[in-house]
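Just so we're clear, the structure is a prediction, and the values are computed from it rather than from any experiment. Computed over heavy atoms, backbone and side chain alike; hydrogens, waters and symmetry mates excluded.
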Amino acid sequence: MYQIPRGTRDFLPEQAERFRRLEEAAVRLASQYGYGEMRTPIFEYSELFERGVGEGTDIVEKEMYTFQDRGERSLTLRPEGTAGVVRAFVEHKLYNGPLPAKYFYFGPMFRYEKPQAGRYRQLWQFGIELLGAEGPRADVEVIALGWQYYQKLGVEATLVLNSIGCRQCREEYKKALVAYLRGGKICKLCSGRLERNPLRVLDCKEESCQQALEGAPRISQYLCPACQEHFEGVKAGLEGFGIPFELDERLVRGLDYYNRTTFEYKTKQLGSQDALGGGGRYDGLVELVGGPSIPAVGLALGIDRIELMDPPALKAGEGRQGVWLVTMEPAAQRAISLVHPLRQQGIKLQYDLLGRSFKAQFKQADRSNCRWTLIIGPDDLEQGQAVLKDMETGEQQPLALENLVQLVSNLEGVK
RNA sequence: GUGGGUGUAGCUCAGUUGGUUAGAGCACCAGAUUGUGGCUCUGGGGGCCGGGGGUUCGAAUCCCCUCACUCACCCCA
């Protein structure tokens, strides 16, 4: 028997519908804020991610689905959404258009990881990118949109916020941090990190590292005046919106392109996979990808994890809807023909395709959650009528076949 | 990538110290009710006991390998 590839999932109709509702909520929210959809390919040239996401990141080092095509080009299934959107933004020279540019995306991402609860090799993300706005108001808009998404779905999330400074102040901080940690007791992994990406030591969970970090220099002490002012602006903006947040100086995030603001939405409901979404500012990325120097900020929200939390917004089921035709030989073909125009009127209509008994047809109607059954047997045809049954109350009444389409169209819950 | 747990019907799970034809509940199909769903009763279909190898007269049960799922670590969504 064939099995689904590791870390991927099938969405059977019920679950697919849950996912669709999450997507619809995302699309509606994004357009409310004025973001337009950007659809980019599911794979890109590997170099885009290697350079854009960053050589030293976990994603690039060990999680990419990379393969060669027949032209021996190296391609990679996208591990995240920002690089592709920025590539498209630059390639189509959209920076010549009105700024800021506001885009959202919704779709699958791919990371080669060992699967566990809330972690998949094919995962879905909803993301937004806001390009061309430098001030803290832009950061606040992005963070607020994510916050509103969780609120709308009834998901309880905690917002964690940090600023990792700009290139200049971060360099200074890195130097100070490396100087402090050198010679201290840190884990093997972090000894390597110390050279290549010292900030990553900050969110290491090894006890030795956390101990070594006590009394270490803090990024907040190294922020240059401009970065400090920006960060204050972000905090003030969030307060103005009544969005609560916690500060965490160890929030670094795994992608190289971030600067200044970083943030994450967390939950306690998911066990060890507690990150629901996150993002930050990435002022240097557009230039890195070959465009002009344009500031930007964005976020990505994990849809699988939200669905896993079974948010209240997904619980409200729809009531009974539509019509089921119940008929029997020798009237069946005639009855089906009579009823077909209902479908052309946009009415939800089903009927038995297996030649099942009368009783079984009602059972199917019930199970399909139909609101009405329309009974048209041989006797009814003779009398020129159909019998309409309300599946909620069980009440029945005759309908004249002549006006069938009109009569049924006026029923409630049929479209 | 490292470590732990679990694999028996579509689903949730029983299955004794290794012993005859592997069970239950739910779901599915049919009948009781030849024109009426939900409730009830009766019957039926469905299993390479994850896969391969070994021990044994005999393996769902014991041993080895493998695959999958799952949880944790790393990291993230």
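Nucleic acid contact for A/R356: sugar-phosphate only, since backbone atoms but no base atoms lie under 4.0 Å from a heavy atom of the residue. Looking at heavy-atom distances under 4.0 Å, A/G278 makes no contact with the nucleic acid at all. A/Q364 comes within 4.0 angstrom of no nucleic acid atom, judged by non-hydrogen atoms across all strands. A/Q361 comes within contact range of no nucleotide atom at all, as no heavy-atom separation falls under 4.0 Å. Residue-level contact check: A/L276 touches the backbone only, with heavy atoms under 4.0 Å from sugar-phosphate atoms and none from bases. Counting non-hydrogen atoms under 4.0 angstrom, A/I59 reaches nothing in the nucleic acid.
As a whole-Å value, the separation of A/Q350 CD from B/G37 C1' is 15 Å. A straight line from CZ of A/F49 to P of B/C76 spans 18 Å, rounded to a whole angstrom. A/E395 has its CD atom 17 Å from the P atom of B/G37, to the nearest Å. One can place CG of A/L308 at 15 Å from C1' of B/C76, the figure rounded to the nearest angstrom. Rounded to whole Å, the distance from OH on A/Y112 to C1' on B/G1 is 10 Å. If you take CG of A/L251 and P of B/A77, they are 10 Å apart, rounded to a whole angstrom. Between the NZ atom of A/K62 and the P atom of B/C73 there is a distance of 13 Å, rounded to whole Å. Taking atom CZ of A/F362 as the reference point, atom P of B/U34 lies 14 Å away to the nearest angstrom.
The aromatic ring centres of A/F104 and A/Y33 sit 6.0 Å or more apart.
Residue-environment remark: CD (A/E412) stays at or below the threshold of 12 foreign heavy atoms within 6.0 Å. Within 6.0 Å of CD in A/E156 there are 12 or fewer heavy atoms belonging to other residues, nucleotides or ligands.
Of the residues listed (A/Y103, A/Y149, A/Y105, A/Y35), the one engaging A/F126 in a ring-ring contact (aromatic ring centres under 6.0 Å, His included) is A/Y149, and it is the only one.
Here, B/U16 and B/U34 have their C1' atoms 50 Å apart, quoted to the whole Å. Atom name C1', nucleotides B/A60 and B/U17: the rounded distance is 16 Å, in whole Å. A gap of 22 Å separates the C1' atoms of B/G18 and B/C13, to the nearest Å. Spacing between B/U70 and B/G31 at atom P, rounded to whole Å, works out to 41 Å. With P as the reference atom, B/C69 and B/A24 are 31 Å apart, rounded to whole Å. Spacing of C1' atoms, B/G47 relative to B/G3, comes out at 33 Å, to the nearest Å. Straight-line distance between the C1' atoms of B/U56 and B/C63: roughly 12 Å, to the nearest whole Å. Only the P atoms considered, B/G23 is 14 Å distant from B/G46, to the nearest whole Å.
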Taking only nitrogen or oxygen atoms into account, show me every contact under 3.5 Å that the protein makes with nucleotides 38-47 of chain B, one pair per line with its distance.
{"residue": "B/G38", "atom": "O4'", "partner": "A/D366", "partner atom": "OD2", "Å": "3.4"}

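Taking 4.0 Å as the cut-off between side-chain N and carboxylate O, A/K174 and A/E171 count as a salt-bridged pair. The pair A/D366-A/R320 meets the salt-bridge criterion, with a side-chain N (NZ, NE, NH1 or NH2) lying under 4.0 Å from an Asp/Glu carboxylate O.
Taking for each of A/T8 and A/L123 the nucleotide of RNA chain B with the nearest heavy atom, the 5'-most of the two is the partner of A/T8. Along RNA chain B, the nucleotide nearest to A/Q125 and the one nearest to A/R6 differ in position, and the one closer to the 5' end is contacted by A/R6.
If you check B/U36, B/U2, B/G35 against the side chain of A/D379, the one that comes closest is B/G35. Distance from the side chain of A/D58 is smallest for B/C75 among the nucleotides B/A77, B/C75, B/C74. Here the side chain of A/E264 is nearest to one of B/C71, B/G35, B/A77, namely B/A77. Listed nucleotides: B/A77, B/A30, B/G35. Nearest to the side chain of A/M328: B/G35. Comparing B/A72, B/C76, B/G35 by their closest approach to the side chain of A/A117 singles out B/A72.
A heavy-atom distance below 4.5 Å is found between the side chains of A/L285 and A/L288. Side-chain contact between A/R121 and A/Y112: present, with at least one pair of heavy atoms (C-beta onward) separated by less than 4.5 Å.
When only modelled atom types and interatomic distance are considered, A/S74 and A/E47 share no side-chain donor-acceptor pair under 3.5 Å. For the residue pair A/T158 and A/E246, no side-chain donor N or O sits within less than 3.5 Å of a side-chain acceptor on the partner.
Distances shorter than 4.0 Å separate none of the side-chain N or O atoms of A/R119 from OP1 or OP2 on B/C75. Residue A/R9 has no polar side-chain atom (N or O) positioned under 4.0 Å from OP1 or OP2 of B/C69. Residue A/Q3 has no polar side-chain atom (N or O) positioned under 4.0 Å from OP1 or OP2 of B/A68.
Note on ring orientation: taking the six-membered ring where Trp is involved, the planes of A/F263 and A/Y265 are perpendicular (angle over 60°, cut-offs 30° and 60°). Between A/F11 and A/F19, the two ring planes are tilted [angle within 30° to 60°].
For B/C28, the base has no donor-acceptor partner in the side chain of A/R367 [N/O atoms by modelled type, under 3.5 angstrom].
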What does the 5'-to-3' dot-bracket notation of RNA chain B look like when only Watson-Crick and G-U wobble pairs under 3.5 Å count, and pairs to other strands show as |? (((((((..((((.....[...)))).(((((.......))))).....(((((..]....))))))))))))....
